[in-house]
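None of the values given here were measured: they were computed from a predicted structure. The figures here come from the full heavy-atom set of this structure, side chains too, leaving out hydrogens, waters and symmetry mates.
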There are 4 protein chains.
Amino acid sequence: MSTWHVDDAPPPTAVSGKPLSKKGERTRRRLLDAAEEIFAELGYHDASIVKITESAQVAQGTFYIYFESKQQVFDELVDDLNRRVRFAMSEGSQRGTDRAEAERLGFAAFFRFTAEHPGLYRIIRQAEFASPGALQRHYQTIADGYIGGLRQAMADGEIAEADPEVLAFALMGIGELIGMRWVLWQGGPGEVPEHVFEEMYAFIRRGLGSP
Amino acid sequence: MSTWHVDDAPPPTAVSGKPLSKKGERTRRRLLDAAEEIFAELGYHDASIVKITESAQVAQGTFYIYFESKQQVFDELVDDLNRRVRFAMSEGSQRGTDRAEAERLGFAAFFRFTAEHPGLYRIIRQAEFASPGALQRHYQTIADGYIGGLRQAMADGEIAEADPEVLAFALMGIGELIGMRWVLWQGGPGEVPEHVFEEMYAFIRRGLGSP
Amino acid sequence: MSTWHVDDAPPPTAVSGKPLSKKGERTRRRLLDAAEEIFAELGYHDASIVKITESAQVAQGTFYIYFESKQQVFDELVDDLNRRVRFAMSEGSQRGTDRAEAERLGFAAFFRFTAEHPGLYRIIRQAEFASPGALQRHYQTIADGYIGGLRQAMADGEIAEADPEVLAFALMGIGELIGMRWVLWQGGPGEVPEHVFEEMYAFIRRGLGSP
Amino acid sequence: MSTWHVDDAPPPTAVSGKPLSKKGERTRRRLLDAAEEIFAELGYHDASIVKITESAQVAQGTFYIYFESKQQVFDELVDDLNRRVRFAMSEGSQRGTDRAEAERLGFAAFFRFTAEHPGLYRIIRQAEFASPGALQRHYQTIADGYIGGLRQAMADGEIAEADPEVLAFALMGIGELIGMRWVLWQGGPGEVPEHVFEEMYAFIRRGLGSP
DNA sequence: AATGAATGAGAGTTCATTCAT
DNA sequence: TATGAATGAACTCTCATTCAT
């Protein structure tokens with residue numbers, strides 16, 4: 001479909017602003033991973049610093065060497081996840097030899113990502129209350145990626161003319177609920193079943209007016 | 001599209017199980033309305049019993065005469081809301097003279113409902129963590145409504161053959177994200193703009209393979 | 001010396017703003033007394049809510065029904081104490097039959113008060129950091145009481161002409177350090193020894209230029 | 001008035017007891033200066049080791065090479081300050097050609113010192129809780145300086161007979177509150193206004209019974 | 001001599017829930 | 001039926017101090 005531009009994450013530092021030693025980097029990483037897991041499992045509010053630090057096997061105070069607050073780790077995780085989703089889709093769609101295949105692979109990458117990281121998906125969905133504005137930012141940046149590709153495809157006559165933003169949000173919505181129904185509700189990691197993907201994809205192709 | 005079957009809500013009782021007096025019914029209603037407002041505004045966790053009872057102008061203890069716990073009011077609200085959404089869509093689609101119009105009106109009703117009760121929409125989206133299982137139940141009951149109608153339409157040759165569950169979830173996803181983008185993010189109640197609705201609807205019609 | 005105007009304290013309420021029941025009033029009183037004792041003994045920072053509530057024999061949470069924060073109880077105590085000091089001095093000086101005697105009795109009242117409530121004295125002295133501005137307010141209101149009396153006395157030719165504010169602060173300083181040396185450092189409640197009071201008083205009388 | 005005896009400070013060592021290298025001495029000095037500044041600005045409790053070491057531009061651990069604890073630096077600072085106040089007053093009063101002038105200059109020196117180091121003054125006033133006993137020691141050593149001079153003056157018939165300790169504490173109290181009112185409350189360094197000094201000084205002279 | 005990552009106890013505060021009245 | 005005072009566990013966050021490097 002399109003090549004998303006995915007900028008690099010800023011290098012991690014301590015709260016004090018100092019750069020991190022190898023050891024510090026490892027500890028920060030452990031905390032971030034633990035936070036991801038706990039947030040995904042319990043949700044923002046039921047996740048507690050105690051649980052996160054216990055899971056990371058460090059003392060409570062250690063958390064605050066690397067993160068300003070619970071809120072801030074959450075925001076960082078959402079940003080991170082946003083980058084990873086877009087990167088996955090970008091990577092996926094670049095493998096296609098023509099636009100149709102690229103589009104298909106981009107979608108498949110999105111589902112594979114959701115399937116591999118169901119927790120991240122759960123994190124995003126709670127962002128609305130946990131971090132005002134984060135959710136909107138997340139969807140909008142992904143939409144922007146789609147919009148570029150859709151505009152191209154229209155210009156090239158590959159799909160019918162339409163408001164690309166409406167299409168982009170429609171596509172994301174489809175992906176979101178199909179992912180929720182056939183990945184998350186299955187419990188544990190898994191894949192969207194082949195036939196579900198094909199049916200959904202056919203629906204989208206027809207909807208977009210592809211020949 | 002289809003006529004959703006919407007069963008009645010069970011009659012309200014006190015926690016003790018006793019039926020309610022007129023006065024008790026009124027108090028319970030006030031609490032439920034207050035809870036809806038506070039949950040929608042602040043989210044499950046930041047909504048507190050104090051805030052709810054203050055808004056309802058009763059004492060804290062009164063809350064526990066009518067509801068078992070914070071959790072339970074929330075669940076009741078989600079159920080309630082689910083019934084109201086389905087009722088609105090059912091009502092809407094019954095007004096149509098043919099299936100195509102019914103379908104269109106059902107969709108419009110959904111958006112009108114979202115636009116008129118943006119807070120409810122926010123309640124649903126947080127249900128995932130606040131009340132495990134509630135979200136799944138919510139989507140599934142709505143999907144079931146769609147599925148019946150879609151099956152009919154396929155049998156009648158009005159739309160292309162496809163797995164109706166996949167289609168149902170795709171349709172809900174589209175509605176959800178379009179509603180979020182063009183109603184919720186606009187702040188305050190409002191309507192999905194005419195042209196957005198038309199573009200989206202055209203996409204869906206094509207996708208479904210309607211002639 | 002002069003009659004201080006001492007306004008009444010506002011009636012105590014819960015944090016919510018609601019008036020207190022008899023029981024609530026009692027609990028609030030117990031907490032306030034406990035806070036006074038703990039602050040006096042340990043200082044603002046080493047006093048903790050746990051210690052205060054333990055001393056008052058209530059649960060930690062109960063504290064926050066009656067007080068907004070640790071800071072706020074402290075401020076209330078300082079205000080309270082300020083009122084009580086001024087009231088004691090006002091009462092004392094009103095007993096005198098002529099100005100000289102009134103002045104003497106006012107001073108004596110101040111020392112008696114300090115002697116009876118050594119803890120309060122310790123509370124005031126730490127207010128500088130615990131509650132910015134509180135200390136200044138405290139001294140200034142007491143100074144204002146002195147200033148009125150001194151002005152009268154100058155007009156009546158009973159003491160030499162001088163800047164009454166300078167005199168007021170000088171008098172307070174004398175009272176403060178004499179009180180500290182001969183009451184607080186003695187440990188436990190007690191009285192400024194007779195001869196110390198007389199020597200100090202003679203010094204002040206000469207300083208003021210009383211005949 | 002009198003010549004205070006001001007003994008030298010003990011030479012600084014590391015916590016381990018070892019004497020310091022030139023570099024070590026410099027680091028220790030930097031920490032001590034930073035501590036003085038931070039304690040003065042924030043008070044004992046809000047001053048943290050992190051802030052002190054940041055201000056001194058050394059690592060946190062470095063602090064504990066030179067000082068046993070937060071408490072101990074504070075004590076050292078109070079001692080230090082005590083020595084400096086007494087030295088300033090001693091220096092000042094030695095410049096006078098007769099006792100009256102010496103006394104006057106000693107006082108003036110005290111105010112100048114306060115005016116130039118308002119922060120130190122703030123440090124002393126919080127010593128009561130931060131370091132039990134330190135405050136008493138501070139006042140007593142200054143009082144001792146006064147007492148010697150006052151005794152002399154009485155013997156020489158220059159001032160009226162009285163308990164010199166009472167007079168000493170009265171004088172310190174006057175200095176303290178005048179300094180607080182006209183230096184500290186003005187914010188930033190400054191001087192006691194000329195006329196305030198004169199009025200206060202006249203009060204003291206009369207009080208002491210100087211001819 | 002100096003570093004700075006790590007600790008862990010303890011701080012103030014919130015809030016769902018209970019219960020005597 | 002309604003009250004609201006009381007509870008206490010759990011929360012996020014701070015900071016003096018230690019110690020391996």
Is there any side-chain hydrogen bond (donor to acceptor under 3.5 Å, both in side chains) pair reaching into residues 55-65 of chain D, and which pairs are they, with sequence neighbours excluded?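 Output for this query is empty, none listed.
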Residues 66-75 of chain D, side-chain donor-acceptor partners within the protein, below 3.5 Å, at least two apart:
| unit_1 | atom_1 | unit_2 | atom_2 | d |
| --- | --- | --- | --- | --- |
| D:Ser69 | OG | D:Gln72 | N | 3.2 |
| D:Lys70 | NZ | D:Tyr44 | O | 2.9 |
| D:Lys70 | NZ | D:Ala47 | O | 2.9 |
| D:Gln71 | NE2 | D:Tyr44 | OH | 3.3 |
| D:Gln71 | NE2 | D:Ala130 | O | 3.1 |
| D:Gln72 | OE1 | D:Glu68 | N | 2.6 |
| D:Gln72 | NE2 | D:Glu76 | OE1 | 3.3 |
| D:Asp75 | OD1 | D:Ser131 | OG | 2.3 |

Residues in salt bridge (Lys or Arg N to Asp or Glu O under 4.0 Å) with A:Asp46, at least two apart?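 Partners of A:Asp46 under the salt bridge (Lys or Arg N to Asp or Glu O under 4.0 Å) test: none.
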Please enumerate all residues that pass salt bridge (Lys or Arg N to Asp or Glu O under 4.0 Å) together with C:Arg84, with sequence neighbours excluded.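 Once residues adjacent in sequence are excluded, the partners of C:Arg84 under the salt bridge (Lys or Arg N to Asp or Glu O under 4.0 Å) criterion are C:Glu36, C:Asp80.
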Using whole Å, what does the distance between atom [atom2] of nucleotide [N] and atom [atom1] of [X] come to?
| X | N | atom1 | atom2 | result |
| --- | --- | --- | --- | --- |
| C:Gln72 | E:dT13 | CD | P | 10 Å |
| C:Ile65 | F:dA6 | CD1 | P | 6 Å |
| B:Phe67 | F:dA2 | CZ | C1' | 15 Å |
| B:Leu42 | E:dA16 | CG | P | 12 Å |
| A:Gln57 | E:dA5 | CD | C1' | 17 Å |

Which ones in residues 9-30 of chain B lie close to DNA chain F, meaning a heavy atom under 4.0 Å from one of its atoms?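 Only B:Lys23, B:Thr27 qualify.
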What residues, two or more places apart in sequence or in another chain, satisfy side chain to side chain contact (heavy atoms under 4.5 Å, CB included) together with [X]?
| X | value |
| --- | --- |
| B:Asp79 | B:Arg83, B:Arg137 |
| C:Arg122 | C:Leu184, D:Glu128, D:Phe129 |
| A:Ser48 | A:Val50, A:Lys51 |
| B:Lys23 | B:Ser21, B:Arg26 |

Under a 3.5 Å cut-off on both pairing distances, which runs of 3 or more consecutive Watson-Crick or G-U pairs involve DNA chain F?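 Paired runs of 3+ in DNA chain F: E:2-21 with F:2-21.
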Can you give one letter per nucleotide of nucleotides 10-17 of chain F, 5' to 3': B if a protein heavy atom sits under 4.0 Å from the base, S if only from the sugar-phosphate, - if neither? -SBBBBSB
Scan B:Tyr66 against the nucleic acid and name what it touches under 4.0 Å (heavy atoms): base, sugar-phosphate only, or nothing.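 The residue B:Tyr66 makes sugar-phosphate contact but no base contact.
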Rounded to the nearest 0.5 Å, what separates atom CG in D:Leu31 from atom CD1 in D:Ile52?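 So the gap between those two atoms works out to 8.0 Å.
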For C:His117, give me all partners under ring pair (Phe, Tyr, Trp, His ring centres under 6.0 Å), at least two apart in sequence or on another chain.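 Ring pair (Phe, Tyr, Trp, His ring centres under 6.0 Å) list for C:His117, sorted by chain: C:Phe113.
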With side chains defined as the heavy atoms from C-beta onward, is the minimum distance between C:Thr53 and C:Ile49 less than 4.5 Å?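 When only atoms from C-beta onward are counted, C:Ile49 and C:Thr53 do touch, with a gap below 4.5 Å.
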